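In what follows, chains carry the letters A, B, and so on, assigned in the order in which the sequence lines appear, proteins first and then strands, with residues in each chain numbered from 1. Nothing here was measured: the structure is a model prediction, and the numbers come from that model.
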Amino acid sequence: MKCRQEFKLTEGKKERIGVYVCHCGGNISDYVDVKKVVEEIKKGEPNAIIVKDLMFDCADASQSEMIEDIKAQKLDRVVVAACSPKLHEATFRNMAKRADLNPYMLYHADIREQSSWAHEGDMEGATSKALAHVRAAIAYVKSAEPLEKIKSETTHSVLIIGGGIAGLRAAIDLSRMGVNVMLVERSPALGGHVAELGEIYPYYTSGPEIVKGLVDELKGRDNVAIYTNATVMSYSGYLGKFEVKVKVTHRQPGSEYSEITLHVGSIIVATGFDTYRPPKGEYGYGTVKGVVTLPDLVKALGDGSKELIYEGRRIREMAFIYCVGSRQKPPEDGGHANLYCSRYCCNAATSQALTIHRRFNNVKIYHLYRDMRTYGRNELMYEDAAKGGSIFIRFDEDHPPLVAEDGDRCRVTFWSSLIENQPVDILVDLVVLVTGMEPRQNEELNRTLSLPAGSDGFYKEIHPKLRPVETNITGVLISGTAQAPRDVRETLSSASAAAAKAASFVLKNELELDPFVAFVNPQACEAHQECIKECPYGAIELVEELGKKARVTSAKCKGCGACVAVCPTGAIQLKGYTNMEIKSMIEELAR
Amino acid sequence: MSTHAFEPKILVFSTNIISDPGIDQAGMSHINYPSSSRILRVPCSSMIRPEFIIHAFESGFDAVFIAADGGDCPYLSDCSVRTARNVQRASEMMKENGIDQSRLRMAGICSVCSDAFAKGVKSLYDITKGLGPVRSEGHDRAS
Amino acid sequence: MTELPEEAYDVLVIGGGIAGMEAAIDLGDMGFKVALVEKEPTIGGKMLLLSKVFPTLDCASCISGTKTSTVSHHPNIRLLTYSEVAGIERVDSGFVARVTEKPRYVDASLCTSCGECEDACPIIVPNEFDFGLRGRKAIYIPFDTAVPKNAVLDLDNCIYCMQCERVCPADAINFLQVPKAHTLRVKAIILAVGFKLFQAEKKKDYHYGEYPNVLTSMQMDRVVAPTRPYNAVIRPSDGKEPQNVGYVLCTGSRDRTVGNPRCSQVCCMYSMKQAQLIMGSLPTADITLYYMDIRAYGKGFEEFYRQSRDMGVKFVRGKVGKIEQKPDSNLTVYYEDTEGSGGMRKADHDLMVLSVGLLPNTEVAGLFKNVKLDLDEIGWIRIMNETRSSVQTNIDGVFAAGCATGPKDIPDSVLEAGAAASQCAAYIRGASASITAHEVPAGI
Ligand SMILES: Cc1cc2nc3c(=O)[nH]c(=O)nc-3n(C[C@H](O)[C@H](O)[C@H](O)COP(=O)(O)OP(=O)(O)OC[C@H]3O[C@@H](n4cnc5c(N)ncnc54)[C@H](O)[C@@H]3O)c2cc1C
Ligand SMILES: Cc1cc2nc3c(=O)[nH]c(=O)nc-3n(C[C@H](O)[C@H](O)[C@H](O)COP(=O)(O)OP(=O)(O)OC[C@H]3O[C@@H](n4cnc5c(N)ncnc54)[C@H](O)[C@@H]3O)c2cc1C
């Protein structure tokens with residue numbers, strides 16, 4: 001067989017292998033004949049210079065014994081056959097380090113969880129399985145190569161795209177950590193949506209105050225550069241070394257814009273959301289006078305007036321209609337709909353209702369809702385609004401309310417199961433559509449970064465629990481409402497979380513990455529490019545200068561090995577799990 | 001060789017973070033499964049080359065069980081899709097080589113899915129036992 | 001008590017649930033030295049005990065397992081389990097924490113987690129990690145995925161029969177162990193002490209603890225987990241597979257009569273999750289959720305809700321007044337219909353699950369000696385100025401994350417933990433950072 005021949009070629013090298021089989025005080029040896037395993041290895045493996053069985057491989061004394069053996073016998077490879085590697089692989093790799101042996105020249109074979117414990121009462125079966133696992137481990141270390149953690153320099157700077165509260169919060173954290181921060185904001189001002197909001201739930205602070213608080217923390221910090229009226233034009237590079245070109249439009253006449261090049265180690269995308277704009281006619285929007293959206297109302301309330309007047313109309317009765325642009329039904333034709341819940345809106349609407357109850361006397365408010373999602377302590381606002389004179393009426397998604405003009409007022413018709421599904425009409429002066437959030441229109445940026453979006457259209461994290469701020473592009477992070485609908489506090493959390501991740505990349509000036517990354521054998525590469533298509537992280541490229549060969553950028557590779565499976569010639573392989581290592585293990589396991 | 005004494009050898013590909021701990025869990029819970037199984041761990045099931053699977057049959061394994069990451073893969077959200085596609089390719093290669101395709105099985109095994117693992121391997125074992133050794137099939141043609 | 005010499009770290013993280021682990025890993029990755037103190041014999045918190053987790057239904061152990069193993073091998077993290085913080089004092093610009101490491105009566109450096117002691121021990125007591133559904137021995141390994149995976153002897157229940165000592169192959173049992181007193185000098189602190197479950201006994205009309213077929217949702221999460229106690233989804237009274245399960249949402253939440261008017265944020269979602277998992281195991285079972293509002297507000301949650309409805313989970317809008325047991329141990333639920341035709345109605349189920357709410361771990365305030373930690377009206381750790389920072393407590397240098405500051409799902413707990421790590425790092429480096437001059441445009 002092909003592999004064995006390759007083996008013969010290397011046999012001349014004469015590896016010096018140490019093999020340590022553990023009894024685990026009987027936990028292994030009760031069902032695995034440890035002595036027999038040792039004898040078989042001694043018999044069959046001339047390069048196993050030392051083959052021992054130990055009561056406990058992991059005991060300090062045993063580790064010292066291994067270290068002595070490695071040094072005295074000049075062992076260059078070690079096999080430990082014991083419990084699960086999840087428990088002690090790190091222990092033994094550290095032992096190897098202490099013995100000046102490259103830790104990746106050690107293989108930890110599992111003969112407890114996967115042999116003795118799994119096959120109790122079957123001594124013969126468990127023993128032959130354990131023996132096979134030890135032989136495979138020997139085959140592995142024979143073809144193993146010393147590996148080193150990959151070190152790569154990083155630029156001590158982070159680029160933040162978007163100057164809403166998410167971008168500002170991330171900038172503060174990083175700047176205080178001593179990281180250079182460049183913040184690029186497309187509009188002329190900082191603060192994003194919050195800058196335009198009035199009182200914000202549940203803190204009763206105004207939006208501009210919040211923004212000012214954050215901006216003040218940034219003022220006077222000399223490691224922060226803020227570029228407003230600026231957009232990202234292009235980017236290249238990888239984790240630790242991104243090069244980004246930014247276009248800054250000038251306000252002064254004369255020079256129209258300038259282009260700057262930024263060098264950063266990581267990028268945080270904090271580009272926020274767009275508010276849902278109802279199409280003309282949805283609940284009378286744009287067709288019935290007095291139908292507005294929640295952002296319109298918030299702006300109107302911002303002026304501090306004593307009476308609630310909208311476009312000349314004095315408001316005595318009003319209705320909120322919830323879930324506009326959110327929780328939409330999946331269309332039958334498979335078209336687009338916002339299936340998701342926008343999270344902030346139930347809270348924001350009840351809080352605005354509270355503000356109205358507090359500021360203006362005798363305004364009657366109807367809330368037509370589907371589920372009142374005032375989660376957590378926002379529940380108290382719901383309670384208070386009900387106490388303050390708000391009336392809450394539930395509607396079903398199959399029976400949404402209707403809005404029509406009725407003289408100089410609006411007529412809202414709804415169906416409620418509590419009134420036996422008979423239509424009920426109410427007349428109000430104002431209808432507020434509680435509109436949700438949508439992914440921000442950002443074609444230019446999306447084209448530049450090619451960040452993946454989820455089915456809801458918001459940027460997609462690798463894993464909501466394991467890697468919640470990371471994207472498929474290593475080093476490019478997402479935060480705030482660019483990732484999902486969120487309120488202020490939640491946005492601040494995710495922004496700081498992204499800052500923590502960015503800091504872990506750039507704070508040390510040098511990155512240490514696991515050595516298990518893909519590599520290409522240029523002799524075997526025939527430029528089929530299957531690996532390039534397969535890699536979700538964009539870690540592989542075709543390099544013309546090498547004569548059209550694939551090349552891996554280690555800093556982008558996450559070590560999954562998906563590329564390995566699809567290479568027609570076996571040219572791309574994973575360090576630590578090379579095709580040769582795997583095949584030779586298979587052969588030994590089959591013996 | 002009489003099929004009575006025949007013990008099918010099964011190669012199990014496991015994954016470091018997800019399915020290997022699930023297989024450990026079977027041992028910890030002392031759930032038995034055929035001891036003629038052998039376990040080889042890789043980082044992610046999407047890296048298993050169809051060629052590795054064929055190599056297993058050529059080397060004398062009677063069956064191959066892919067204990068895949070399933071939906072819990074820490075590397076790839078579509079790991080199952082990729083692994084399934086590669087396994088399908090291997091299956092086609094088996095057909096070409098005259099190896100019964102039911103000797104190959106894939107299942108998502110989470111880090112505590114000991115039962116699913118034991119059941120999966122046992123049933124593959126039973127099927128393979130019925131089929132007899134791989135050497136009786138197309139393997140000779142294959143090599 | 002053995003007094004150990006003082007040790008210095010950058011950060012002390014209290015609580016080793018998902019939030020504490022995440023914060024410790026983030027800080028460790030940034031290069032800070034961290035001490036992580038967990039009062040239980042294992043890290044992982046509630047999450048490690050869960051079945052699968054919404055909204056993606058990934059297995060909880062797969063996710064927390066990668067975190068527990070990273071924590072236990074991280075070169076910058078010192079892990080102290082089975083350890084209690086005795087007191088924290090502000091000293092100069094930092095803190096000194098006294099931590100008592102309780103004796104396990106098992107030498108962790110020798111224990112190989114083989115479980116022979118468990119087999120030999122004659123004493124069985126309810127297992128707190130299975131919320132009483134299963135027993136454990138007086139000497140026990142908390143569960144298979146525990147980290148560190150070492151036995152621990154619960155002396156309160158031990159009868160000193162010495163069987164464990166006799167059988168331990170590693171001679172790891174040591175009845176002479178005494179508590180160790182650690183003194184940790186740190187620059188900053190992260191509180192990640194998590195939550196407590198609402199005690200369902202307090203809702204007297206639901207008869208939890210009295211009727212065997214009334215379980216809490218935490219018990220149910222164990223029952224549907226792959227590491228489940230009974231190895232099957234069955235009801236406790238007679239071991240039968242339930243065919244008609246009812247869930248009482250908002251048990252102990254949105255309820256002023258028990259002193260918790262707030263919503264617990266996760267119960268709607270975890271109840272739907274459990275419903276989906278039960279349907280996976282018992283495809284013919286009917287599952288009904290009695291609810292007030294379905295709060296599926298997070299990323300992917302509404303989609304999960306729709307999926308639950310499509311799978312056939314029944315949603316009944318109504319307030320459950322009481323549960324009564326019938327002679328065959330089946331249960332009758334009386335509820336006020338707040339949707340259909342209204343009025344009081346009743347329905348029969350063979351298993352009832354109480355979706356209990358999340359309550360604060362108020363003891364945390366008592367840890368501080370010469371400074372006062374602010375809690376809110378209910379007892380969650382108060383965040384000072386939430387429009388500025390989501391993790392800063394009233395004490396400079398003390399941050400809080402995860403369910404320590406209020407109920408939260410796992411994705412939000414993880415994000416908050418990252419935030420605490422970030423602001424902690426900013427706080428520590430704030431003064432000493434080497435700052436490179438950079439051009440700042442005027443007038444920001
Ligand atoms: C009507 C309304 C009421 C609300 N009320 C409340 C409330 O009471 N309480 C509460 O907690 N939350 C409330 N919210 C939610 C709150 O507004 C958000 O949580 C917050 O704005 C999110 O901040 P952000 O930084 O993620 O996004 P944004 O505020 O959208 O900021 C994003 C920034 O990025 C910039 N940007 C976008 N694209 C680019 C690009 N390509 N290049 C450079 N810059 C770019 C934008 O110009 C903007 O400045 C409300 C929202 C609305 C709509
Ligand atoms: C039944 C149920 C099902 C759930 N299902 C899901 C789900 O499917 N998906 C989801 O996203 N969320 C779910 N959740 C929510 C999830 O459990 C929490 O989000 C998560 O556990 C919060 O983690 P934490 O670290 O903040 O707190 P915890 O898990 O409570 O961890 C706190 C840790 O701190 C330790 N500790 C406490 N006090 C001290 C002290 N003084 N000293 C030292 N250590 C201390 C505790 O022992 C514990 O280990 C569920 C919750 C419940 C109740």
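No side-chain heavy atom of C:S109 sits less than 4.5 Å from a side-chain heavy atom of A:D60. Contact annotation: the side chain of C:E302 never approaches that of A:D456 to less than 4.5 Å [non-hydrogen atoms, C-beta and beyond]. Side-chain contact check for C:C114 versus A:W117: some heavy-atom pair is nearer than 4.5 Å. Proximity of A:M177 to C:I428: side-chain heavy atoms (C-beta onward) are nowhere separated by under 4.5 Å.
Looking at A:A503, the atoms closer than 4.5 Å to chain C (heavy atoms on both sides) sit in the backbone and in the side chain alike. Neither the backbone nor the side chain of C:I378 has a heavy atom closer than 4.5 Å to any heavy atom of chain A. With a 4.5 Å cut-off on non-hydrogen atoms, C:D409 does not touch chain A at all. Heavy atoms closer than 4.5 Å to chain A are found nowhere in C:S413, neither backbone nor side chain. Looking at A:F505, there are no atoms closer than 4.5 Å to chain C (heavy atoms on both sides), in backbone or side chain. Proximity to chain C (any heavy atom under 4.5 Å) is restricted, for A:K508, to the side chain, taken from C-beta onward. Looking at C:V266, there are no atoms closer than 4.5 Å to chain A (heavy atoms on both sides), in backbone or side chain. Proximity to chain C is limited to the side chain of A:E217, based on heavy atoms less than 4.5 angstrom apart. Both the backbone and the side chain of A:D173 come within contact range of chain C, each with at least one heavy atom under 4.5 Å from a heavy atom of that chain. Contacts between C:S69 and chain A at a heavy-atom distance below 4.5 Å are absent for every atom of the residue. Contacts between A:H463 and chain C at a heavy-atom distance below 4.5 Å involve the side chain alone, from C-beta outward. Interface remark: A:T205 contributes side-chain atoms only to the contact with chain C (heavy atom separation under 4.5 Å). Heavy atoms closer than 4.5 Å to chain C are found in the side chain of A:L380, but not in its backbone. At a 4.5 Å heavy-atom cutoff, C:P148 makes no contact with chain A through either its backbone or its side chain. With a 4.5 Å cut-off on non-hydrogen atoms, A:V194 does not touch chain C at all. Contact annotation for C:S113: both backbone and side-chain heavy atoms come within less than 4.5 Å of a heavy atom of chain A. Contact annotation for C:F32: only side-chain heavy atoms (C-beta onward) come within less than 4.5 Å of a heavy atom of chain A. C:D29 touches chain A through backbone and side chain together, each having a heavy atom under 4.5 Å away. With a threshold of 4.5 angstrom between heavy atoms, C:P411 approaches chain A through its backbone and through its side chain. Neither the backbone nor the side chain of A:E185 comes within less than 4.5 Å of any heavy atom of chain C. At a 4.5 Å heavy-atom cutoff, the contact between A:R169 and chain C is made by side-chain atoms alone.
Interatomic distance, CZ of A:F392 versus CG of C:D293, reported as 10.0 Å (0.5 Å rounding). The CG atom of C:D171 sits 8.0 Å away from the CZ atom of A:F56 when rounded to the nearest 0.5 Å. The line from CG of A:D57 to OG1 of C:T112 is 11.5 Å long, rounded to the nearest 0.5 Å. In this structure, CG in A:D371 is found 5.0 Å from OH in C:Y305, a value given to the nearest 0.5 Å. Summarising the geometry, atom OH belonging to A:Y382 is positioned 6.0 Å from atom CZ belonging to C:R254; distances are rounded to the nearest 0.5 Å.
Among C:R306, C:E116, C:H73, C:E303, the residue with the largest count of heavy-atom pairs under 4.5 Å with chain A is C:R306. Interface summary for chain A: among C:C424, C:A420, C:A170, the most heavy-atom pairs under 4.5 angstrom belong to C:A170. Between chain A and the options C:A296, C:G357, C:G65, C:G406, heavy-atom pairs under 4.5 Å are most frequent for C:A296. Residue with the most contacts toward chain C among A:H88, A:R394, A:E209, A:E490: A:R394 (heavy-atom pairs, distance under 4.5 Å). Interface summary for chain C: among A:G376, A:A497, A:A495, A:A498, the most heavy-atom pairs under 4.5 angstrom belong to A:G376. With respect to chain A, the highest number of heavy-atom pairs below 4.5 Å among C:R388, C:M292, C:Q265 belongs to C:R388. With chain A as the partner, the residue from C:G115, C:A419, C:G418, C:S264 showing the most heavy-atom pairs under 4.5 Å is C:A419. Looking only at heavy-atom pairs under 4.5 Å with chain C, the residue among A:C58, A:S493, A:A502 that has the most is A:S493. Between chain A and the options C:N385, C:D412, C:L110, C:L27, the largest number of non-hydrogen pairs under 4.5 Å is found for C:D412. For the options A:G213, A:C24, A:A189, A:P468, heavy-atom pairs under 4.5 Å to chain C are most numerous at A:G213.
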(request) Determine, step by step, whether C:K149 and A:E113 satisfy the salt bridge (charged side-chain N to carboxylate O under 4.0 Å, His left out) criterion, reporting the C-alpha distance in whole Å, the side-chain angles of both residues, the deciding distance to 0.1 Å, and the verdict. (result) CA-CA 14 Å; C:K149 208 179 165 197; A:E113 279 79 350; 5.3 Å; no

Problem set entry | Audit row: C:T387, A:I200, side-chain contact (heavy atoms from CB on, under 4.5 Å) steps and yes/no | CA-CA 9 Å; C:T387 60; A:I200 289 217; 5.6 Å; no

Salt bridge (charged side-chain N to carboxylate O under 4.0 Å, His left out) between A:E383 and C:R262: does it pass, once the steps are laid out? CA-CA 10 Å; A:E383 264 189 3; C:R262 299 188 189 175; over 6 Å; no

(Q) Run A:K465 and C:E22 through side-chain contact (heavy atoms from CB on, under 4.5 Å) and show every step you take. (A) CA-CA 10 Å; A:K465 301 176 188 98; C:E22 181 71 25; over 6 Å; no

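A:L492 and C:S390 get closest at one heavy-atom pair: C-OG, 4.2 Å.
Checked by atom type, the side-chain pair C:R295/A:T374 shows a donor-acceptor distance below 3.5 Å. Defined by atom type and a distance below 3.5 Å, a donor-acceptor pair is missing between the side-chain atoms of C:S422 and A:S496.
Judged by distance alone, with hydrogens and angles left aside, the side-chain atoms of A:R373 form a donor-acceptor pair with the main-chain N or O of C:I294 at under 3.5 Å. Side chain of A:K501 to main chain of C:D26: no donor-acceptor pair is present (N/O by atom type, distance under 3.5 Å, no hydrogens or angles). Side chain of C:K299 to backbone of A:K460: no donor-acceptor contact under 3.5 angstrom is found.
Under the rule for a side chain to side chain donor-acceptor pair (under 3.5 Å), A:Y344 has no partner lying at least two apart in sequence or in another chain. In this structure, the ring-ring contact (aromatic ring centres under 6.0 Å, His included) partners of A:F458, at least two apart in sequence or on a different chain, are A:Y340.
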